[in-house]
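Here the structure is laid out as structure tokens; the discussion comes afterwards.
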Amino acid sequence: MAIVKSTGISGPQRGLAEQVFSRAAGAPLVPGNDVHLLRDARENYPAWLSAIHLARRSVLFENYIIEDDDVGRSFADALEARARDGVRVCVLYDWLGCQGTASSRFWRRLREAGVEVRCFNPFQFDRPLAWLGRNHRKTLTVDGEVGFVSGLCVSHKWVGDPEKHVAPWRDTGLAIRGPAVADLVRAFAQGWATVGTPLDEDACLSARAPEPMGDVALRVVAGVPWSAGLFRVDQLIASLARKRLWLTDAYFVGTAAYVQALRAASRDGVDVRLLVPGSSDIPLLRPLTQSGYRPLLEAGIRVYEWNGTMLHAKTAVADGLWARVGSSNLNPASWLGNSEIDVAVEDIHFAQQMEAMYQQDLEHATEVVLSGRDRRLMSMNPHPRPLPRSQRGAPGRRGSMSRAAAGAVRLGNTVGAAVTNHRELGRTESKLVFGAGVVPLALAGVALWWPQVVAVPAALLSAWAGIALWSRAARLRRQEAETPETQRPLPESDVPPMPTVTVESRLIAEAEPVHVSEAERQQP
């Protein structure tokens, strides 16, 4: 492993370090792959469509947002054409992500053409909070031979609108060929099985799927809720980096543990940089993200804001040896709440490509610096090259649940720190603390003057919770009644007791000689 080798770890310790990475990520290191870096929709979308057109066995496509616009319809046409030719085409979309982006007619059109379409985790009345966990993955695999992983959804926002002088969203993806594509198929099958009949993975793979296609080693980190695999990997990389750790994130929310890891790396002399959007598609989230700048800046971490339209990429590169690209943001919603997928590449040539791309992005970014008591924006060099104003565009109106959850976590962290005094608050967090103080005061005033305004919603929520629990209980009873008697577990009273072995009986058994006949000794 390149980054472990760079730390000077050798011999048996190196094998142990590599095992730590595999266990932390929940993903083995797979060699023999060919990996290509794809920048923005102008490189990702054509590569996706070309692979779909060449499919002969299977197309497995999952995405958080699929919009019924020119971009979405071009993908629908390609998927329908392959399904009509007998290729198995499976599409998994997220219920929340596609709310308001595609109508039922759009999905019905795909199904009528033979495409298998499933909706991930739709809202259910008897599970009021289950909808918080989303499938935020963006993957495409074709015949088990080529796979794509990125942060791109399927929407015109990633393409932009030249007529209205709106630039495309900045994003990053990968094209992978080789044995690791089978891990992408397995990850898709895991999400597919949560919605219905499991996928026959072997039937989706061609005979050439396991063949080596290059010399790149990588890990496919397929995160599921509460697994925190990528969080552990990010912590390890922050601890192992010796020279550089450059991060790009669309919705950064610095949890205490991760911020501490970044601060420790910076104080040890690591060049830690963070590139975030200058304008977010959720305007309310930007001040929440900015409130976390001060702890980073005070530790010497360099923070940059993108000058163009929305920066949606989620990438990392360390020491020119290790790089990550995928769907996970650096916030608790991605680390813990959602199903995400990222690819960690351990290849010097690829990591150098990532570093070169990062430096190009910084040419269109503004550095955030501390100046006295206030924070002000300042360019990283005397001659910055921001994108033309005509290309900056306007932020979108819609965002994902993970971004809203990330903002809520940032607000909760700040308010919790103010109440418990477990850490020192930065001056930039004063607005959050003030705003958080206004909310309970306003609620108290409403409760005193108009008690019914508070009582009625509380009663409705309580009634909903009670009915949801009863509905769940009724469903479980129906399942019990439909289960054959032979498949039911035995009641506790009918389960035969396990034989007890006392210490004395064990010693006696060990002390007694075992008599073996001569015939038994001669048996092979």
Kindly determine whether Arg208 and Asp143 satisfy salt bridge (charged side-chain N to carboxylate O under 4.0 Å, His left out), including the steps that lead there.
-> CA-CA 9 Å; Arg208 296 182 299 174; Asp143 296 341; over 6 Å; no
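- Atom CZ of Arg42 has more than 12 heavy atoms from other residues, nucleotides or ligands within 6.0 Å.
- Between the side chains of Trp158 and Asn44, no donor-acceptor pair is found at a separation under 3.5 Å.
- Tested against Leu245 for a side chain to side chain contact (heavy atoms under 4.5 Å, CB included), the candidates Val317, Asp271, Ile237 yield a single pass: Ile237.
- With contacts defined as side-chain heavy-atom distances shorter than 4.5 Å, the pair Leu362/Trp246 does not qualify.
- Considering Ile341, Val149, Leu230 as possible partners of Val221, the one that fulfils the side chain to side chain contact (heavy atoms under 4.5 Å, CB included) test is Leu230.
- More than 12 non-hydrogen atoms from other residues, nucleotides or ligands lie less than 6.0 angstrom from CZ of Arg82.
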Please tabulate, for side-chain N and O atoms in residues 50-60, each donor-acceptor pair with protein atoms closer than 3.5 Å (sequence neighbours left out).
{"residue": "Arg56", "atom": "NH1", "partner": "Leu54", "partner atom": "O", "Å": "3.3"}
{"residue": "Arg57", "atom": "NE", "partner": "Leu205", "partner atom": "O", "Å": "3.4"}
{"residue": "Ser58", "atom": "OG", "partner": "Cys204", "partner atom": "O", "Å": "2.8"}

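- Salt-bridge formation is detected for the pair Arg73/Asp68: a Lys NZ or Arg NE/NH1/NH2 atom is positioned less than 4.0 Å from an Asp or Glu carboxylate oxygen.
- At a cut-off of 3.5 Å, with distance as the only test, no side-chain donor of Glu305 or Thr366 sits close to an acceptor on the other residue.
- A salt bridge does not link Lys157 with Asp69: every distance from a Lys NZ or Arg NE/NH1/NH2 to an Asp or Glu carboxylate oxygen is 4.0 Å or more.
- Summarising the geometry, atom CG belonging to Asp342 is positioned 13.5 Å from atom CZ belonging to Arg219; distances are rounded to the nearest 0.5 Å.
- A distance of 12.5 Å separates CZ in Arg244 from OH in Tyr358, rounded to the nearest 0.5 Å.
- For the atom pair CZ (Arg177) and CZ (Phe148), the distance works out to 6.5 Å, reported to the nearest 0.5 Å.
- Using a 4.5 Å cut-off on side-chain heavy atoms (C-beta onward), Leu296 and Phe252 make contact.
- Of the inter-residue distances, the one linking Asn135 atom CG with Thr194 atom OG1 reads 7.5 Å to the nearest 0.5 angstrom.
- Within the 3.5 Å criterion, the main-chain N or O of Val220 finds no donor-acceptor partner in the side chain of Asp183.
- For the atom pair Ser155 OG and Asp70 CG, the distance stands at 10.5 Å (nearest 0.5 Å).
- Side-chain contact check for His312 and Asp171: at least one donor-acceptor pair (N or O, by modelled atom type) lies under 3.5 Å.
- Taken from CE in Met213 to CD in Glu145, the straight-line distance is 7.5 Å, to the nearest 0.5 Å.
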